[in-house]
Amino acid sequence: NAGVTQTPKFQVLKTGQSMTLQCAQDMNHNSMYWYRQDPGMGLRLIYYSASEGTTDKGEVPNGYNVSRLNKREFSLRLESAAPSQTSVYFCASSEVLAGNTDTQYFGPGTRLTVL
Amino acid sequence: DQQVKQNSPSLSVQEGRISILNCDYTNSMFDYFLWYKKYPAEGPTFLISISSIKDKNEDGRFTVFLNKSAKHLSLHIVPSQPGDSAVYFCAASNYGQNFVFGPGTRLSVLP
């Protein structure tokens, strides 16, 4: 039981390059999330998927796209990376939309640097 | 403007003593609060939560206190252990909405 897995762990991009961050969960959770963590800013929600087949914007969606490929997988795509997207990205999942549940389970994170 | 604030970026405490981490929020509609703990190179893990209908919730060495009138909550760790050294995030939500996280407080427990 791996929980939430993310690939890659580290990535360096040049400005303008594209890439996709992958996330998978094996807990049969309905809801999945992408956050970014920047120094002094805490975790900010980029996009979330309340259930398979739905996605919604979070607090900071500009420059990103997402795909809920199936119940297990939720990917985050940067079409044209910018230095402002240098950050640590966390994927999370929860049984239902986390507005009043105890637990979101987080992956280990992807550290992305855009030069 | 941050809706959830943790005004102490760092805190150092001696092993065996009490650690008190503070969190303030501005949105009076928040009705559910959580604390997450994060070690380096790992994702955050859930620690303890409290609903707005309570003013205290305890789980072993960890107790969360909520003061709704002051829009303030605190996490108490007693006794503190070196393994508690981590970054602690406070998070808040309004029912049915997503969580808003604070910037975190780095706790160092000194042996």
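Below, chains carry the letters A, B, ... as their sequence lines are ordered, and counting in each starts from 1. When reading the values below, keep in mind they use all heavy atoms of this one structure, side chains included, and skip hydrogens, waters and symmetry mates.
- Residue contact with chain B, scored on non-hydrogen atoms closer than 4.5 Å, is absent for A/E59.
- Each of A/Q104, A/H29, A/R72 was checked for a side-chain hydrogen bond (donor to acceptor under 3.5 Å, both in side chains) with A/S93, and the lone residue meeting it is A/H29.
- Interface residue A/L43: backbone and side-chain heavy atoms are both found under 4.5 Å from chain B.
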*Checking side chain to side chain donor-acceptor pair (under 3.5 Å) for the pair B/S19/B/S80: CA distance, chi angles, key distance, verdict?*
CA-CA 6 Å; B/S19 295; B/S80 300; 2.6 Å; yes
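- Using a cut-off of 4.0 Å between Lys/Arg side-chain N and Asp/Glu carboxylate O, A/D38 and A/R44 are scored as salt-bridged.
- Of the listed residues (B/Q3, B/H72, B/K5), just one forms a side-chain hydrogen bond (donor to acceptor under 3.5 Å, both in side chains) with B/D24, and that residue is B/H72.
- There is no contact between B/Q6 and chain A, counting heavy-atom distances below 4.5 Å.
- Looking at B/P9, neither its backbone nor its side chain comes within 4.5 Å of chain A, counting heavy atoms on both sides.
- If you run ring-ring contact (aromatic ring centres under 6.0 Å, His included) between B/Y25 and each of B/Y32, B/F101, B/F99, B/F33, only B/F33 comes through.
- Only the side chain of A/Y35 comes within less than 4.5 Å of a heavy atom of chain B; its backbone N, CA, C and O stay farther away.
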